[in-house]
Amino acid sequence: MTAPIAKLSFWGVRGSTPTVDPATWRFGGNTPCLELTAPDGTQFILDCGTGLRMLGNRWGAPNSGGNSETHIFVTHYHWDHIQGIPFFSPLYAENNEFHFYSFRSKFLGRDSLKQVFEAQMALPYFPVDMSAMNAKRKFKEVEGGDSFTIGENKITAKWLNHPQGCLGFRIETPAGTVVYATDNEPGDPRLDESLRELAAGADLFINDAQFTPEQLKSTRKGWGHSSWQEGVKLAREIGAKTLVLFHHDPDSTDRMVDSILRQAREECDSVFAASEGMVITLGATGDNVQAHMPGARTSLRREAQFRAKVSGVTEDGKEFQEETVVRDISLQGALISLQNMPQLQSELQVTMQTPGENGLQSSMRLKGYVVRIDAGAEKGQVAVGVVFTD
Ligand SMILES: [Zn+2]
Ligand SMILES: [Zn+2]
């Protein structure tokens, strides 16, 4: 019998507003949208930010024993969490069925989410109205403290500290527990407790990490967001196994997110920065939590032959240096086979010997950021995909 596996895909990880500038390319610019496929085939979508459009483009109808329903949880009504809805093509196909879950906002009243849909698609904001959405849609109001089951999975919602309110969701699947706590600020004792209850013992704890600890204390206090430091503190307190830093600030470049992650890793063993295209599996034998980075972002490679020296940090945090041959390279990155297993999302120094003029060798030093690790072609080796960062 195989172990039950849950698969969590990150379609949008950026907070507040989408970004398209090259400086944010590596972590991605789409706003929050996650997809969780539970071991029983139930499909969950968490938030409807602009990442939802890409999920729609790669749509594979859910496969839970002939049941083609999808359950969509919307944490709150700020733009970055709803903006993908009109661009989600499966909503326009008659055979699909969606169950939407969100809270009753005091600003909107009954059927808050339905009203949000209608307002978003009203003329002249969008060229077609809601009647073009042919999929079956059901809306369910939930509030903090509610708990219910869908298939073999138990869902719990809790209030979080955020302007105009926000819900965090805990999904307990037979493969492990995922807690999605975006958009929350620490400092309100009652709601801090609510977040602790939500996240207690989670296998995967996805927490708001929009601001630096310094910003959170000063210029961004009261804006409704958190920091990597608060996430690390909380993860330790409530015994979360893996922390995912989420809702990156639109002004945080990839370099800044790298630095945030580096600091978090100094204090926490298992932490990732959410990255568009990242997939995390829960419940696989061996490691309980496994992360995979997007392949598409390392494509366009060419074959090559460069001798190279590579230094970096292994999964266990040990520094290593080894010599290898780079056989596959592009302007963006390379695929390097190594005997050491570097840490995913860590930095490698790659020094390559390149044939210079008159047969003289010259060397080129690059910083490579580890985006994927696969089994190597030869025994005892791993194939490491890196993106060059400068
Ligand atoms: Zn947000
Ligand atoms: Zn918000």
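First listed ligand is number 1; within each ligand, the first listed atom is number 1. Fair warning: this is a prediction, and the values are worked out from it, not measured in the lab.
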ring-ring contact (aromatic ring centres under 6.0 Å, His included) partner of F169, chosen from Y180, F205, F73 | F73

Please determine which of W59, F100, F117 meets the ring-ring contact (aromatic ring centres under 6.0 Å, His included) test together with F88.
-> W59

Check: [X] ring centre within less than 6.0 Å of [Y] ring centre:
X	Y	value
F148	Y101	yes
F87	Y92	no
H225	H248	no

Does [X] put an N, O or S atom under 2.8 Å from the Zn ion (ligand 2)?
X	result
C166	no
H76	yes
D183	yes

May I ask you to check if any N/O/S atom from H78 comes under 2.8 Å of the Zn ion (ligand 1)?
-> no

If you have a sec, read the angle at the Zn ion (ligand 1) from H247 atom NE2 over to D80 atom OD2, to 10 degrees.
-> 90°

